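Throughout, a chain's letter reflects where its sequence line sits, starting with A, and its residues are numbered from 1. Quick caveat, the model's predicted, so the values are computed rather than measured. We use all heavy atoms of the structure for the numbers below, so side chains are in, but hydrogens, waters and symmetry mates are not.
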Amino acid sequence: MRLVYILPTGDEIKSGIVLDLDAPEIVGQMVKAFPEAEVTRLCPLLDVEDTIFNKIKEVAEEKEPDLIILIGGSGGGHRFSKTLGKDFTHSALEKYLDQYASHEIYGKNGHMWSKLVCGKKGNTIIINVPGPFVEAQAACKAFLEAYSKGLSLDEISLEMANAVLAQYPTGAAKTV
Amino acid sequence: MEHEYIIAHADKSVLKISGLEVKGLNTKQLEQILGEKLHTFVRVIGVTGDNIEMDVYDIEPEQVRKNEKGLIESIVLTEGITVTELTKLSCSEKIVEVDYDSIPDEPISACAMERWMKRK
């Protein structure tokens, strides 16, 4: 990896209501894994699918980085509760990527807690991680470990999903 | 495109604290403070300028509700939160399990809960 872009999303992050703790953590993990990489944290985006889609497209096509990491907006969000934020990183990625794998974690109430997408556009790998700090931290760490082993997109996505799942107090998970 | 689904069998409730002034919230610190107070996992899931929603796992909602005063006092030291006279706490009942076999496949929504609720 020589060029990495980190793209936080969320109205509450952009407005400063919530501190962006995830991006510094991910920058740290990237620098540790790839000491020569140029790692850039971009301006946070509002939770608007077109805005997220257009920014991914712009960064991927103009900068041609090795990796883009989107933070936040990975759950069911507004689709489940009107008081929650809008979650669009996974749907924007699915619209943009030609080649990808994804894993969805559902609660037993049927609510999609998180959808992890790992894909490629040209030579750029693009992933998303959840917004909660421990989940973002675990997902990024799992990505780096899986990537270093040369795993497939599907395998990387699964490793990331399992790492997020491990942050919940649950011993009973099943793949359906 | 490959997709797989994983079901997390965890009990949770939604804890909401309203009537706050929130700016520059350190969610990690808040999760840690409330997690230690409640002896469980806490995850911030939604924040606006005056309220915070959190998932709390494997705990009886009544245990949260009866400890309202203590919980509000405990969050005072969290970076980015100002407690006001209007601050109050509420906690939902535990989530209800749905039958995944009765969730429609058709793409009404990306959220299975919504598809389950709108099933014919």
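- When heavy atoms are compared at a cutoff of 4.5 Å, A/Gln167 approaches chain B by way of both its backbone and its side chain.
- A cation-pi arrangement, defined by a distance under 6.0 Å to the six-membered ring centre and an angle within 45 degrees of its axis, is absent between A/Lys63 and A/Tyr5.
- Of the listed residues A/Pro130, A/Gly16, A/Ala161, A/Pro132, the one with more heavy-atom pairs under 4.5 angstrom with chain B than any other is A/Gly16.
- In this structure, chain A has heavy atoms under 4.5 Å from both the backbone and the side chain of B/Val22.
- Using cut-offs of 30° and 60° on the angle between ring planes, the pair A/Phe34 and A/Tyr147 is perpendicular.
- For the side-chain contact (heavy atoms from CB on, under 4.5 Å) with A/Pro24, the qualifying choice from A/Ile26, A/Asp20, A/Asp22 is A/Asp20, the only one to do so.
- Contacts of A/Leu21 with chain B are made by side-chain atoms alone, with heavy-atom separations under 4.5 Å and no backbone atom involved.
- Ranking B/Val44, B/Asn51, B/Asp11 against chain A, the residue ahead of the rest is B/Asp11, based on heavy-atom pairs under 4.5 Å.
- Ion pairing of A/Arg2 with A/Asp66 is present here, as a side-chain N (NZ or NE/NH1/NH2) and a carboxylate O approach within less than 4.0 Å.
- Heavy atoms closer than 4.5 Å to chain B are found nowhere in A/Val117, neither backbone nor side chain.
- One finds the CD atom of A/Glu159 at 6.0 Å from the CG atom of A/Leu151 (value rounded to the nearest 0.5 Å).
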